[in-house]
Amino acid sequence: KVERRKRSSPSRSEQPLRSSRVGGQGEIVVCRVHTNILATPPLSGCRRARGIIMAASRWTSTVVLLLLGTATEGFRVGPMLSRGASPPPPLTGGGHPVGSSRHKGAVVAPPPTMRLGATLRFWKKTKPTEETHTMTTKRTGTSFLPDEAVERAKAGNKVEKTKLEKDATAAWTDLYDYAAKIRAGELDWAAIEAGDAHVRLKWAGLLSRFKKTPGRFMLRLRTPNGITSAAAMRLYADAIAPYGDEVGVADITTRQNWQLRGLTLEDGAALLPKLAAVNVTSYQSAMDNVRNVVGSPLAGLAGPRAGELVDTRPYCEALNDLVTLDPATGTRGNPTWGNLPRKFNIAVSAGPADLAHAKINDLAFEAAPHATTRAPGFNVAVGGYFSARRSTHAVDLDLWIPATVPNVLDVATAVLRVFRDEGARGDRQKARLMWLVDAYGLDAFKRRVLAELGASWDVAWDAHQHGADDGASDAARRPELLGIAPQHADDDDDDDDD
């Protein structure tokens, strides 16, 4: 239960820390939780959204709410973390999308170093329109490249030259210009410049499918850890329904993601702002970008007794924000990673069962306890991928990091920066991360990543930590998933949280 405390003579322990208006759009209330329980992200779409609880100062006491109205009663906060339980890894923010009287918010926990209200700037209530996507000036992806990488791109493959002719991040505004001209009858889809139609628009998530469906696009979304809300699914269904069963198709992909087929460009442009309203984006979901971040399909359900060492959801959410959220503007579309040499896959595994298949990704975080302290952490592996030229699993970097969101983001940032700045831009079949690892040698690549992290990176990293099931077969490591199984709960939980 969450209650806004009365201002008349409150006790010290009950006094609100702050209560104020934000641009007339909603009310921020800092209040206390009655019981010593805290909600963890629900399975149905723990994403940033309007009108949600924003942050928590501690695990068991103070929370910050951003409300669309002034009522503070009737919150439905989702699955609870029971008294005495270890808290899940921290989030950078999140909550239920607003849209019904039953789901007005969800409590989440931020990184321990987060200031109260630090994430509030991302949550102004705005009407989703195309203008909200086109008015923000951003740097280009190429502007982040060192001169050496630009020179390699100039001498590189056709895609690299296309990205240099006009930066691919221009798609974030060009999309709406094309849509407006098509609606006005000033442009036909066939007249869209080929570099835009078949390359750059992929930075907005639109992939041309003109051979089989002339004038139609597939919209690839981003669904970190595969978590999808009912509101998002209704939006997807409404978006493709007008095209009929033969053309309007929704795919569920092997990377826990959604693809919507049959869209015209103008309808795709109109859909993107609506995606923001259900806390989804399609930006940077295709071509030379970090693809959808994969996590355990049983995240938050199995528990330690079934081999779940960490809940992968907050890590996947944070990695998704790292890739797609521009730190300079607070809007989707991050040019920092807008010109990679090739696509880049990331996965976060919850435990030795590796239900996320982390080893087939360019960057894998594999949950493993520290051999001495038993603290949860991740072994880092690099270089896994499939292609027509080569298929290989990721190789262990002999690097273990404690399981915190900042640690994962630091390592991902370092690896991505090395790949962006030094990766091959010639033969696209030899441009994935593993080719760069091979060129360095594994030990030298590890030293390069640590150098990128810098001397100020004071994380207590270690060498690879062997879990209890290391070396076991998949069948031995993976729990039986058929039939009825108990959900994750604490043995000493005697609270009635209904």
Side-chain angles (χ1 to χ4, degrees), residues 138-175 177-178 192-211 217-218 220 222 282-292 322-324 326 333-346 361-363 382-392 412-440 445 448-449 452:
K138 294 176 178 286
R139 288 178 59 178
T140 66
T142 304
S143 71
F144 286 89
L145 299 182
D147 293 341
E148 296 83 355
V150 173
E151 291 303 315
R152 289 198 306 277
K154 289 179 180 179
N157 58 65
K158 182 179 179 180
V159 172
E160 291 299 321
K161 293 175 181 178
T162 299
K163 291 188 291 184
L164 289 180
E165 289 170 3
K166 182 172 70 173
D167 201 82
T169 60
W172 300 334
T173 54
D174 289 352
L175 167 64
D177 294 337
Y178 280 134
I192 299 174
E193 194 267 323
D196 285 340
H198 304 302
V199 178
R200 299 185 194 96
L201 283 175
K202 293 178 180 179
W203 268 250
L206 285 168
L207 290 76
S208 59
R209 291 295 182 263
F210 295 169
K211 290 184 179 180
F217 290 81
M218 179 185 79
R220 178 176 293 154
R222 298 189 68 93
S282 61
Y283 279 12
Q284 296 171 271
S285 59
M287 206 68 190
D288 299 342
N289 286 288
V290 180
R291 303 299 181 85
N292 192 54
L322 170 71
V323 173
T324 67
D326 187 349
N334 187 355
T336 307
W337 314 116
N339 194 342
L340 300 179
R342 201 64 166 80
K343 70 178 180 179
F344 194 94
N345 291 331
I346 303 177
N361 290 262
D362 295 276
L363 178 58
V382 294
Y385 79 102
F386 293 126
S387 78
R389 183 75 62 89
R390 180 183 182 185
S391 297
T392 182
T413 299
V415 174
L416 278 171
R417 191 179 291 119
V418 173
F419 177 59
R420 180 195 66 190
D421 296 351
E422 302 181 22
R425 294 179 181 264
D427 185 349
R428 287 182 64 81
Q429 292 295 332
K430 296 182 178 180
R432 294 291 291 273
L433 178 65
M434 180 57 92
W435 295 92
L436 182 61
V437 174
D438 286 345
Y440 262 103
F445 185 79
R448 178 67 183 87
V449 171
E452 193 66 34

How far apart are the C-alpha atoms of Thr169 and Tyr283, what are their side-chain angles, what is the distance that settles it, and do they pass the side-chain contact (heavy atoms from CB on, under 4.5 Å) test? CA-CA 10 Å; Thr169 60; Tyr283 279 12; over 6 Å; no
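- We find that Arg428 and Asp288 are joined by a salt bridge, their nearest charged nitrogen and carboxylate oxygen being less than 4.0 Å apart.
- Between the CG atom of Asn334 and the CG atom of Leu322 there is a distance of 7.0 Å, given to the nearest 0.5 Å.
- You'll find the side chain of Arg425 reaches within 4.5 Å of the side chain of Asn339, heavy atoms only.
- Judged by distance alone, the side chain of Asp362 and the main-chain N or O of Gly383 form no donor-acceptor pair under 3.5 Å.
- Although no hydrogens or angles enter the test, the distance criterion places a donor-acceptor pair under 3.5 Å between the side chain of Arg222 and the main chain of Arg291.
- Side-chain contact check for Asn289 versus Lys202: every heavy-atom pair is 4.5 Å or farther apart.
- Of the possible polar contacts, none joining the Ser282 side chain to the Arg220 backbone as a donor-acceptor pair under 3.5 Å is found.
- Distance CH2/Trp337 to OG1/Thr413: 5.5 Å, rounded to 0.5 Å.
- Taking the salt bridge (Lys or Arg N to Asp or Glu O under 4.0 Å) definition, one finds that Asp167 meets it with nothing, sequence neighbours left out.
- Closest approach of Ser285 to Gly205, counting heavy atoms only: OG-CA, 3.3 Å.
- For the pair Arg342 and Trp435, the cation-pi criterion (under 6.0 Å, within 45° of the ring axis) is not fulfilled.
- Side-chain contact check for Leu433 versus Phe344: some heavy-atom pair is nearer than 4.5 Å.
- Listed by chain and number, the residues in a ring-ring contact (aromatic ring centres under 6.0 Å, His included) with Phe210 are Trp189, His198, Phe217 (sequence neighbours excluded).
- For Gln429 (side chain) and Ser387 (main-chain N/O), no donor-acceptor pair under 3.5 Å exists by modelled atom type.
- With a 4.5 Å cut-off on side-chain heavy atoms, Arg420 and Leu145 count as touching.
- The residue from Thr324, Val323, Leu363 that alone fulfils the side chain to side chain contact (heavy atoms under 4.5 Å, CB included) condition with Val290 is Val323.
- Contacts of Arg448 classified as salt bridge (Lys or Arg N to Asp or Glu O under 4.0 Å), with partners at least two apart in sequence or in another chain: Glu422, Glu452.
- The side-chain heavy atoms of Met287 and Lys163, taken from C-beta on, include no pair separated by under 4.5 Å.
- At a threshold of 4.0 Å, the pair Glu193-Arg200 counts as salt-bridged, since one of the basic side-chain nitrogens sits closer than that to a carboxylate oxygen.
- Between Arg139 and Asp326 there is no salt bridge, since none of the side-chain N atoms of the basic residue sits less than 4.0 Å from a carboxylate O of the acidic one.
- Side-chain atoms of Asn345 and Arg432, non-hydrogen and from C-beta on, do get closer than 4.5 Å to each other.
- Interatomic distance, CZ of Phe419 versus CZ of Phe445, reported as 9.5 Å (0.5 Å rounding).
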Pair Asp196, Lys166 - check side-chain contact (heavy atoms from CB on, under 4.5 Å), show working.
CA-CA 9 Å; Asp196 285 340; Lys166 182 172 70 173; 2.9 Å; yes
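- Between the side chain of Asp421 and the backbone N or O of Ala149 there is no donor-acceptor pair closer than 3.5 Å.
- Checking side-chain atoms of Trp172 against main-chain N and O of Trp203 turns up a donor-acceptor pair under 3.5 Å.
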